Amino acid sequence: MATTPSVPLLKDELDIVIPTIRNLDFLEMWRPFFQGYHLIIVQDGDPSKTINVPEGFDYELYNRNDINRILGPKASCISFKDSACRCFGYMVSKKKYVYTIDDDCFVAKDPSGKDINALEQRIKNLLTPSTPHFFNTLYDPYREGADFVRGYPFSLREGAPTAVSHGLWLNIPDYDAPTQLVKPRERNTRYVDAVMTIPKGTLFPMCGMNLAFDRQLIGPAMYFGLMGDGQPIGRYDDMWAGWCIKVICDHLGLGVKTGLPYIWHSKASNPFVNLKKEYKGIFWQEEIIPFFQSATLPKDCTSVQKCYIELSKQVKEKLGPVDPYFNKLGDAMVTWIEAWDELNNSSEEVSSKPNGAAAK
C-alpha cells in the first residue's frame with residue numbers, strides 16, 4: 001500500500017480530475033503517487049487568474065472560457081463558483097476510469113505510520129467485483145485474506161461490476177453546517193480497515209473529495225447538478241450525483257463500494273458560509289431522499305443515458321412541485337447528457353482541448 005508501484009496501475013486508462021481556484025502546491029505531496037498519470041484541472045472562478053501547477057505533471061487545464069467555447073449554449077449545465085464544475089472534467093476525459101480529489105486533501109498515514117497510496121487502493125476497489133445483492137459479513141470478500149462466509153449463495157459469488165469506489169477522510173469530517181456548528185473541534189481519527197459494498201436499494205451520502213469511478217460504466221450519470229453561482233443551493237452537488245448513480249447502478253446491476261482508502265482532509269470550510277449554501281437543501285433533502293428511495297426505472301432503460309433521461313423526467317414531475325429549481329435541474333440533466341454524447345461521440349477530439357497554453 002505505502003510503496004509506489006514500479007509501473008503505476010492503469011497509467012494510460014485513468015485521469016485524475018481536480019477542481020480548484022488556487023495554485024496546486026498540494027500536488028507536491030501526491031507526486032510519488034500521481035506523477036505517472038494525466039491530470040484534468042478544472043479552474044473555477046475568474047478565468048483570467050493564472051493557476052500554477054508544479055513542474056513535471058502531465059495535465060490539461062480548463063477554465064470557464066474553455067467550458068463556454070467547447071460546450072457553447074450547453075455550458076449552462078456546468079456550475080460556476082462551486083466544486084460541481086469538476087464534472088466537466090469527467091465529460092472531456094477520454095479514459096476508462098476517473099479519480100477525483102479536492103485540493104485541500106493530503107496523503108494520509110495508516111495506523112503503522114506509512115503513507116497511504118489512495119489511488120492504488122481506489123483502483124483495486126474498481127478492478128474487483130462488488131456484492132450489492134447479498135451482504136458479506138467479512139465485508140470485501142475479494143480482498144487478500146478474506147472470502148465469502150458460510151451461507152453465502154455460490155450463485156452470487158461472481159459479484160457485480162464495480163462502477164464507483166467512494167473513499168473516506170481522516171481529520172476534518174465531511175459534516176453539514178449544523179453539525180459543524182455544534183461540533184467545531186471534532187476530528188475523525190478512526191481508521192477502519194474495511195471496504196464494503198453498499199447494498200442494493202440503499203442510498204448513501206456521496207462525498208466528491210476522494211472518489212473514483214468507471215467512466216464507461218457510469219460516467220454519464222456523474223453529473224454534479226446545478227449549484228453555486230445563480231443557484232439557490234450549494235454543497236449538494238456530490239450528494240445529488242450519488243443518489244442518481246445509486247438508483248441507476250441498482251437498476252443496471254452495478255456495484256458501489258465505500259471505505260478504504262483514506263485521505264487527510266486538511267481544511268474545515270466556514271460553517272456559516274456552508275449554512276447559507278445548504279439552507280434549502282437541508283429542508284429539500286427530506287423530500288429528495290424519499291423520491292430516490294421510491295424511484296424505479298422501466299426495463300427499456302438499458303443504458304446509463306436512458307436511465308438518466310428517465311430520472312430527469314421524474315425529477316421534474318415529483319420534485320418540481322417542491323421548488324421550481326428542480327424543473328431547472330431536470331432540464332440541466334438532459335442538457336448534460338446531450339453535451340456528454342456530443343463530446344464523446346465526436347471524432348473531432350481537438351475541439352475538446354483547452355487553449356494551447358493550458359495543456360502541458
Side-chain angles (χ1 to χ4, degrees), residues 1-10 14 16 18 24-37 97 99-131 135-149 152 159 162 164-176 179-180 182-199 202 204-213 238 242 255-269:
M1 275 284 287
T3 56
T4 314
S6 50
V7 178
L9 289 170
L10 302 181
L14 181 140
I16 300 172
I18 305 166
L24 294 179
D25 304 330
F26 92 114
L27 284 172
E28 287 296 353
M29 181 179 269
W30 287 101
R31 191 180 288 277
F33 307 124
F34 288 1
Q35 182 93 55
Y37 293 90
Y97 301 99
Y99 175 50
T100 186
I101 185 170
D102 283 2
D103 60 12
D104 62 348
C105 294
F106 300 150
V107 177
K109 294 186 183 295
D110 69 16
S112 73
K114 290 180 182 171
D115 283 353
I116 297 168
N117 183 348
L119 183 54
E120 184 183 7
Q121 175 66 47
R122 180 79 45 246
I123 290 167
K124 287 177 178 175
N125 292 347
L126 287 173
L127 293 181
T128 52
S130 296
T131 53
F135 190 79
N136 191 55
T137 50
L138 274 183
Y139 304 119
D140 186 354
Y142 305 101
R143 190 174 174 182
E144 195 177 333
D147 211 326
F148 292 96
V149 296
Y152 200 101
T162 301
V164 180
S165 171
H166 173 257
L168 300 173
W169 5 259
L170 295 169
N171 195 35
I172 306 293
D174 186 29
Y175 285 160
D176 54 37
T179 311
Q180 274 185 299
V182 296
K183 296 182 171 181
R185 301 191 195 286
E186 185 152 292
R187 299 294 179 264
N188 183 33
T189 57
R190 231 172 127 240
Y191 180 98
V192 180
D193 188 11
V195 176
M196 68 180 79
T197 298
I198 299 169
T202 302
F204 75 111
M206 188 171 85
C207 172
M209 74 173 96
N210 175 26
L211 179 74
F213 59 93
D238 42 9
V256 178
K257 292 181 181 178
T258 187
L260 297 177
Y262 285 88
I263 46 89
W264 181 268
H265 185 207
S266 68
K267 194 176 66 191
S269 46

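Quantities reported herein were computed from a predicted structural model and do not represent experimental measurements.
In this structure, V107 and W264 approach most closely via the heavy-atom pair O-CB, 4.0 Å. Residues S165 and N125 come closest through the heavy atom pair OG-ND2, 3.0 Å. For the pair K257 and T197, the tightest heavy-atom approach, listed with the atom from each and the gap, is CG-OG1, 4.1 Å. The minimum heavy-atom distance linking P129 with G159 is given by the pair CB-CA, 4.1 Å. Pairing each heavy atom of C105 with each of I101, the nearest pair is CB-CG1, 3.8 Å. Here the closest heavy-atom approach between residue P261 and residue I116 is recorded as CB-CG2, 4.1 Å.
Residue Y99 holds its OH atom at 10.0 Å from CG of L14, rounded to the nearest 0.5 Å. In this structure, CD in Q35 is found 10.0 Å from CG in L27, a value given to the nearest 0.5 Å. With rounding to the nearest 0.5 angstrom, the CD atom of Q180 is 8.5 Å from the CG atom of D174. Rounding to the nearest 0.5 Å gives a distance of 13.0 Å between CZ of R31 and CE of M29. To the nearest 0.5 Å, the span separating CH2 on W30 from CZ on F106 amounts to 10.0 Å. Atoms OH and NZ, on Y175 and K183 in that order, are 5.0 Å from each other to the nearest 0.5 Å.
Here R143 pairs with D193 in a salt bridge; the nearest charged N to carboxylate O distance falls below 4.0 Å.
Between T131 and Y142 the shortest side-chain heavy-atom distance falls below 4.5 Å. Contact check for R122 versus N210: side-chain heavy atoms found under the 4.5 Å cut-off. Between Q121 and N117 there is no side-chain heavy-atom pair separated by less than 4.5 Å. Contact of the D115 side chain with the K109 side chain is registered, since non-hydrogen atoms from C-beta on lie closer than 4.5 Å. At least one side-chain heavy atom of I18 sits under 4.5 Å from a side-chain heavy atom of F26. You'll find the side chain of V256 stays beyond 4.5 Å of the side chain of F213, heavy atoms only. At a threshold of 4.5 Å between non-hydrogen side-chain atoms, the residues D147 and L138 do not count as touching. Between P8 and I123 there is no side-chain heavy-atom pair separated by less than 4.5 Å.
A distance-only check finds no donor-acceptor pair linking the side chain of T100 to the backbone of L211 [under 3.5 Å]. When atom types are taken as modelled, the side chain of T128 and the backbone of K124 share a donor-acceptor pair closer than 3.5 angstrom. The backbone N or O of S112 lies less than 3.5 Å from a partner atom in the side chain of D110, making a donor-acceptor pair. Under the 3.5 Å distance criterion, the side-chain polar atoms of D238 are matched with a main-chain donor or acceptor of G208.
Within a 6.0 Å radius of CZ in F204, other residues, nucleotides and ligands contribute more than 12 heavy atoms.
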Quick one, H265 with L170, criterion side-chain contact (heavy atoms from CB on, under 4.5 Å). Give me CA distance, side-chain angles, the key distance, then yes/no. CA-CA 6 Å; H265 185 207; L170 295 169; over 6 Å; no

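Checked against Y97 for a side chain to side chain contact (heavy atoms under 4.5 Å, CB included), the options L9, I16, L127 give a single hit: L127.
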